[in-house]
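Numbering of ligands and ligand atoms starts at 1, following listing order. Computed from a predicted structure; not experimentally measured.
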Amino acid sequence: MDGSRAAEVIIIGGGLHGSSAALHLARAGVRALVIEKNYVGRHASGVNAGGVRTLSRHLAEVPLALASRELWYRIGELVDDDCGFEQHGQVRVAENEADAQTLRERLQIMTAHGYTHEQWISPEDLRALIPAIAPTVRGGLIAREDAAADPYRTTLAFRRKAASLGARFLEGVRVGSALPQAGQWRVETDAGVYTAPRILNCAGAWADRIAAQWGEPVPLQPISPMMLVTLRMDHFLDPVVLGTGRPLSFKQRANGTVLIGGGRRAWVDRDTEWTELDFRSLAEGARTVCDLFPHMRHAVVNRGWAGIEAAMPDEIPVIGRSSRHETAFHAFGFSAHGFELGPIVGRIMADLITTGKTELPIAPFRIERFSGA
Ligand SMILES: Cc1cc2nc3c(=O)[nH]c(=O)nc-3n(C[C@H](O)[C@H](O)[C@H](O)COP(=O)(O)OP(=O)(O)OC[C@H]3O[C@@H](n4cnc5c(N)ncnc54)[C@H](O)[C@@H]3O)c2cc1C
């Protein structure tokens with residue numbers, strides 16, 4: 001590896017977003033240096049549910065999510081690995097009339113905005129698609145082109161491809177301070193000082209600490225969504241199933257194991273990088289699973305874990321140029337749904353850094369919305 005302490009761009013954080021930005025920069029001929037305090041994919045990007053979901057997105061995120069999904073369809077061309085990508089759709093199911101009403105209202109909003117990727121699915125069609133689902137389910141909203149992928153494999157594929165095109169990755173190196181000095185960014189780490197004319201903050205659940213150094217305090221909350229995985233079961237499910245009134249994300253992987261998540265949270269201490277599962281909450285989640293899929297009463301849970309993620313109060317990320325420094329950029333705060341956005345946000349950041357603009361609408365994500373926080 002080139003041991004130079006000078007880079008064209010320094011990226012703080014080797015999650016999917018840092019790795020994707022490094023890849024898209026490398027494709028544009030710009031060699032970035034990614035500095036990661038643990039190892040690439042150690043945090044949210046490597047341990048998430050792998051949902052490639054445009055369904056039920058915040059309206060501001062829909063254009064980005066749809067553009068990202070186009071990149072997912074061609075992920076093999078982008079990173080030379082299919083990333084375990086499988087397109088079986090995602091469906092948000094209505095357990096009762098209140099859920100059905102919520103979903104109908106959502107559909108109206110999407111239709112009013114001209115979006116057609118979310119559609120109503122009747123109870124009969126839903127049962128035809130998923131015979132194992134409880135007969136009481138009242139239909140739902142489906143995005144048939146949605147998908148899922150393997151998160152750790154994906155993050156490593158982005159890293160590998162970026163490195164093959166000239167990006168450098170420093171692992172086990174923590175960024176302390178990152179401050180402007182004489183037209184350069186001076187980045188102090190526990191392995192010495194690195195410099196670059198431009199810098200990108202992709203530090204996930206720790207990104208507010210970098211933003212604060214740049215005079216941009218943000219109300220980021222570290223959260224810790226939990227996951228369970230069962231032993232292998234006979235195949236019974238293709239699409240990802242989401243709850244409406246109760247938190248749930250539920251999918252069977254190709255190897256037969258069933259992945260259960262949906263936003264229930266563990267206790268987290270980001271300084272020690274410690275999480276502790278909340279078993280009471282997991283038990284409530286298991287009840288939702290058994291109500292929707294009665295045969296899951298016989299499932300055996302094999303393992304549980306939690307990842308550390310950055311949540312913003314409005315549940316949409318910070319994407320764009322710093323409000324205080326022309327040569328600094330942010331991409332963080334994905335609020336438990338940033339995996340799907342990884343491919344496109346990397347491209348947006350590379351475009352912003354190399355050309356100063358992007359064709360995608362990122363105004364809702366500017367950091368200035370938290371001015372005065
Ligand atoms: C359990 C779980 C399930 C999820 N399911 C889904 C899903 O199904 N679909 C979906 O779209 N999203 C999902 N998400 C959200 C998704 O995983 C995240 O939004 C996304 O991975 C965030 O990527 P990132 O690169 O911003 O952050 P991260 O992957 O957290 O990467 C940030 C990196 O920055 C490093 N870092 C921080 N500070 C420093 C420093 N000072 N010096 C050096 N390095 C530093 C960290 O070590 C970390 O590796 C889920 C998240 C979790 C936790």
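Here's the thing with Glu340: one of its N/O atoms is less than 3.5 angstrom from an N/O atom of ligand 1. Every N/O-N/O distance between Phe332 and ligand 1 stays at or above 3.5 Å. Annotation: Ile210 places no N or O atom under 3.5 Å from an N or O atom of ligand 1; distance criterion only. Ligand 1 has no N or O atom lying under 3.5 Å from any N or O atom of Ile12, backbone or side chain. Residue-to-ligand polar distances place Gly51 within reach of ligand 1: an N/O pair is separated by less than 3.5 Å. By the 3.5 Å distance cut-off applied to N or O atoms, Glu309 is counted among the residues near ligand 1. Of the N or O atoms in Val47, none lie within a sub-3.5 Å distance of an N or O in ligand 1. Any N or O atom pair closer than 3.5 Å counts here, and Tyr39 shares no such pair with ligand 1. Inclusion of Asn38 in the set of residues having an N or O under 3.5 Å from an N or O of ligand 1 is warranted. Some N or O of Ser45 is nearer than 3.5 Å to an N or O of ligand 1, by distance alone.
Summary of contacts: the protein heavy atom closest to atom 36 (N) of ligand 1 is Lys37 CE, 3.7 Å. Nearest non-hydrogen protein atom to atom 31 (O) of ligand 1 is Gly15 CA, 3.4 Å. Distance from atom 51 (C) of ligand 1 to its nearest protein heavy atom, with residue and atom name: Asn48 CB, 3.6 Å. Among protein heavy atoms, atom 25 (O) of ligand 1 sits closest to His17 N, 3.2 Å. Considering only non-hydrogen protein atoms, atom 47 (O) of ligand 1 sits nearest to Glu36 OE2, 2.7 Å. Of all protein heavy atoms, the one lying nearest to atom 42 (N) of ligand 1 is Val175 N, 2.9 Å. Atom 13 (C) of ligand 1 has Ala336 O, 3.3 Å as its closest protein atom, hydrogens excluded (heavy atom only). Protein heavy atom at the shortest distance from atom 34 (O) of ligand 1 is Gly13 CA, 3.2 Å.
Considering CZ of Arg347 and CG of Leu64, their distance stands at 10.0 Å, rounded to 0.5 Å. Remark: Thr244 OG1 to Glu95 CD distance equals 7.5 Å, nearest 0.5 Å. Note that the CZ atom of Phe250 and the CG atom of Leu259 stand 10.0 Å from one another [nearest 0.5 Å]. Within the model, atoms OG of Ser224 and CZ of Arg265 stand 9.5 Å from one another, a figure rounded to the nearest 0.5 Å.
Panel note: side chain Asp351, backbone Thr358; no donor-acceptor pair is recorded below 3.5 Å. Panel note: side chain Glu309, backbone Ala336; a donor-acceptor pair is recorded below 3.5 Å. Between the side chain of His113 and the backbone N or O of Tyr115 there is no donor-acceptor pair closer than 3.5 Å.
Per-residue contacts place Arg174 under 4.0 angstrom from the following atoms of ligand 1 (heavy atoms of the residue considered): 42 (N). Residue Pro225 approaches ligand 1 through these ligand atoms, each under 4.0 Å from one of its heavy atoms: 1 (C), 2 (C), 52 (C), 53 (C). Each of the following atoms of ligand 1 lies closer than 4.0 Å to a heavy atom of Gly338: 10 (C), 11 (O), 12 (N), 15 (C), 16 (C), 18 (C), 19 (O). Close approach to Ala49 involves these atoms of ligand 1, each under 4.0 Å from a residue heavy atom: 3 (C), 4 (C), 5 (N), 6 (C), 8 (O). The contact set between ligand 1 and Gly204, taken as ligand atoms under 4.0 Å from a residue heavy atom, comprises 27 (O), 32 (C). Short contacts between ligand 1 and Gly307, defined as distances under 4.0 Å to a heavy atom of the residue, involve ligand atoms 53 (C). Below 4.0 Å from some heavy atom of Leu16 lie the following atoms of ligand 1, by number and element: 25 (O). Heavy-atom proximity to Ile35, at under 4.0 Å, picks out these atoms of ligand 1: 43 (C), 44 (N).
Under 4.0 Å is where a charged nitrogen must lie from a carboxylate oxygen, and between Lys251 and Glu86 no such pair does. Residues Arg138 and Glu97 are paired through a salt bridge, judged by an N-O separation under 4.0 Å between the basic side chain and the carboxylate. Salt-bridge formation is not detected for the pair Asp99/Arg246: no Lys NZ or Arg NE/NH1/NH2 atom is positioned less than 4.0 Å from an Asp or Glu carboxylate oxygen. Using a cut-off of 4.0 Å between Lys/Arg side-chain N and Asp/Glu carboxylate O, Arg92 and Asp146 are scored as not salt-bridged. Comment: Arg42 does not engage Glu36 in a salt bridge, judged by the lack of any side-chain N to carboxylate O separation of less than 4.0 angstrom.
Among Ala203, Pro317, Ala207, Ala331, the residue whose heavy atom lies nearest to atom 37 (C) of ligand 1 is Ala203.
Judged by the shortest distance from any of its heavy atoms, Val173 lies inside the 4.0 Å radius around the atoms of ligand 1. Distances shorter than 4.0 angstrom occur between a heavy atom of Cys202 and an atom of ligand 1. Look at Gly261 and you'll find every heavy atom at least 4.0 Å from all atoms of ligand 1.
Counting only heavy atoms from C-beta outward, the side chains of Trp267 and Thr275 never approach each other to under 4.5 Å.
In this structure, Arg321 is not positioned above the aromatic face of Phe329 in the sense of NZ or CZ being under 6.0 Å from the six-membered ring centre and within 45° of the axis.
Side-chain N/O atoms of Gln213 and Ser177 include no donor and acceptor closer than 3.5 Å. No hydrogens or angles considered: a donor-acceptor pair under 3.5 Å links the side chains of Asn38 and Glu273. With 3.5 Å as the limit, one finds no donor-acceptor pair spanning the side chains of His337 and Glu315.
Placement of Leu129 and Val258 within a single hydrophobic cluster is found when ILVMFWY residues are connected by side-chain heavy-atom separations under 4.5 Å, directly or transitively.
When heavy-atom distances to ligand 1 are checked against a 4.0 Å cut-off, Phe339 comes that close through both its backbone and its side chain. Only the side chain of Met227 comes within contact range of ligand 1, with a heavy atom under 4.0 Å; no backbone atom does. When non-hydrogen atoms are compared, ligand 1 lies under 4.0 Å from neither the backbone nor the side chain of Thr155.
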